Amino acid sequence: MSETSGYDPEAFREFERSGWNGAAGEYNDLFGVITGQAVPTLLDAVDARFGTRLLDLACGTGVVSAGALMRGCTVVGADFAPDMIAEATRRWPGAEFRLCDAEDMPFDDARFDAVASNFGFLHFPYPEVALAETTRVLKSGGKLAFTAWTHDAGHRSLMARAIQEHGDPDVPLVAGPPEPFLEDDAKCARVMTTAGFTAPGIDHFTLYMEAQEPARIIEVFEKSTVRTASRLASQTPEAREKIREALVGMLREYESEGTIRVPMQARLISAEKR
């Protein structure tokens, strides 16, 4: 599925901010249930424990923040979507939440022992700049871990196939960052090392999208994503209906004993600041 030609970072930033504001009310109970599966692994990777000063970067509704609070961390959650910050503040009063951009954070140098970001780097206009800012706010020896989907993650492949076969894969969308380093292990390791981290580790793991009915998973796509939801909304009504019908059939292929279980391949990138 192609993007519009030409990358405008500010247009992408506003597209993402607006989309996540719109998804804030539904996210925690839809896509947040899925991404929340990665939280223990993410927090283990940064050795989150009692007293750890942890930054939850691109915190959304605060799923990672909640896990860190349960481990006794001192938590600050940061996000650029006001509605996400409001939802996180409502849900997790024990954490501090700040509205800010990952590429220009209002935190002192070396403030944090750890930074964790659960699928956040995919949504930054300049991921390398956000990485440099992360390096700045981490203490020497501090740990960073973040997650990202693989290019061919199961949920992405299903949607790509449904739209390719029954809709318009070339509907105009705001272009995303060109050649994101997150989708290539070797390039990701080089970028991390250049940014000031030692021996970055990249591990692959799988999350699962589970539901009793296909409609619930389709609701996840439509109400708690940004790019996918926008791509679907840009189809004609007739195409949207055909895409939904196709997805129902595809999702039934993952059903066993009354539960649909779709694998979602991801990677965990972790490293320590020099």
Side-chain angles (χ1 to χ4, degrees), residues 20 23-100 102 105-108 110-123 130 133-134 137-139 141-149 197 201-211 216 220 224-225 261 263-264 266-273:
W20 290 118
E26 303 277 3
Y27 182 86
N28 208 76
D29 297 326
L30 292 173
F31 216 98
V33 173
I34 301 162
T35 57
Q37 297 170 35
V39 171
T41 300
L42 191 64
L43 293 177
D44 285 347
V46 297
D47 195 24
R49 61 179 68 188
F50 183 82
T52 298
R53 298 171 301 163
L54 183 138
L55 172 64
D56 176 9
L57 186 59
C59 65
T61 56
V63 177
V64 173
S65 296
L69 285 172
M70 292 179 66
R71 295 187 179 209
C73 299
T74 300
V75 182
V76 177
D79 203 285
F80 72 163
D83 289 1
M84 284 290 191
I85 289 293
E87 187 69 14
T89 301
R90 183 182 71 82
R91 288 179 176 274
W92 316 113
E96 174 188 352
F97 292 100
R98 298 284 299 272
L99 181 66
C100 71
M105 293 189 274
F107 305 123
D108 293 338
R111 173 171 174 179
F112 297 101
D113 303 310
V115 176
S117 186
N118 205 18
F119 300 99
F121 273 81
L122 297 165
H123 305 288
E133 268 291 88
T134 301
V137 301
L138 263 177
K139 72 175 187 179
K143 296 182 178 181
L144 165 67
F146 60 92
T147 48
W149 302 115
F197 292 91
I202 301 176
D203 298 300
H204 292 248
F205 66 102
T206 302
L207 306 181
Y208 290 91
M209 182 182 290
E210 295 185 358
R216 181 62 171 175
V220 170
S224 63
T225 67
R261 198 166 187 252
M264 304 169 71
R267 51 169 58 86
L268 170 74
I269 301 96
S270 58
E272 184 174 300
K273 178 181 173 181

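All residue numbers refer to positions in the sequence shown, counting from 1. Here the structure is a predicted model, which is why all the values come from computation and not from measurement.
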Quiz item: Where do S224 and Y27 come nearest, in terms of heavy atoms and distance?
Solution: O-CD1, 3.6 Å
Quiz prompt | Close side-chain approach of L207 and W149, heavy atoms under 4.5 Å | solution = yes
Quiz item: Is D79 reaching over with its side chain to a backbone N or O of I85, donor-acceptor style, under 3.5 angstrom?
Solution: no
Practice problem: For G77 and C59, work out which heavy atoms get closest and say how close. | Solution: C-SG, 3.7 Å
Quiz prompt | Backbone N/O of R53 and side chain of T74: donor-acceptor pair under 3.5 Å | solution = no
Quiz prompt | Nearest atoms (heavy-atom pairs only) where S65 meets D56 | solution = OG-OD2, 2.7 Å
Self-check item: CA sep, side-chain torsions, deciding dist, call: R71, D47, salt bridge (charged side-chain N to carboxylate O under 4.0 Å, His left out)
Solution: CA-CA 10 Å; R71 295 187 179 209; D47 195 24; over 6 Å; no
Quiz prompt | Contact summary for A48 and L54, nearest pair of heavy atoms | solution = CB-CD1, 4.1 Å
Practice problem: Quick one: pull up CZ in R216 and CE in M209 and give me the separation to the nearest 0.5 Å. | Solution: 11.0 Å
Quiz item: Do the side chains of C73 and F50 get nearer than 4.5 Å, heavy atoms only?
Solution: no
Quiz prompt | Minimal non-hydrogen separation, R98 against F107, with atom names | solution = NH1-CE2, 3.8 Å
Self-check item: Residue pair M84 / T61, side-chain heavy-atom distance below 4.5 Å
Solution: yes
Quiz prompt | Distance (rounded to the nearest 0.5 Å) between D44 CG and R49 CZ | solution = 10.5 Å
Quiz prompt | Short side-chain to backbone donor-acceptor contact, S117 and L57, under 3.5 Å | solution = yes
Quiz item: Distance-only, no hydrogens or angles: does the W92 side chain make a donor-acceptor pair with backbone N or O of G62 under 3.5 Å?
Solution: yes
Quiz item: Should L144 and F112 count as side-chain neighbours, where that means a heavy-atom distance under 4.5 Å?
Solution: no
Quiz prompt | Nearest non-hydrogen partners of G67 and L43, listed with the distance | solution = C-CD1, 3.5 Å
Quiz prompt | NZ/NE/NH1/NH2 to OD/OE distance under 4.0 Å, D113 and K139 | solution = yes
Exercise. Output yes when a side-chain donor or acceptor of N118 lies under 3.5 Å from a complementary backbone atom of V64, and no otherwise.
Key: no
Exercise. Determine whether E210 and I34 make a side-chain contact, defined as any pair of heavy atoms from C-beta on separated by less than 4.5 Å.
Key: no
Self-check item: 4.5 Å side-chain heavy-atom contact, V46 and V115
Solution: no
Exercise. Answer yes or no: is there a side-chain heavy-atom contact under 4.5 Å between I269 and F121?
Key: no
Practice problem: Report the distance from atom CZ of R267 to atom NE2 of H204, rounding to the nearest 0.5 Å. | Solution: 4.5 Å
Self-check item: Crowding at CZ, R111 (>12 non-hydrogen neighbours, <6.0 Å)
Solution: yes
Quiz item: If we only count heavy atoms from C-beta on, is the T134 to M105 side-chain gap below 4.5 Å?
Solution: yes
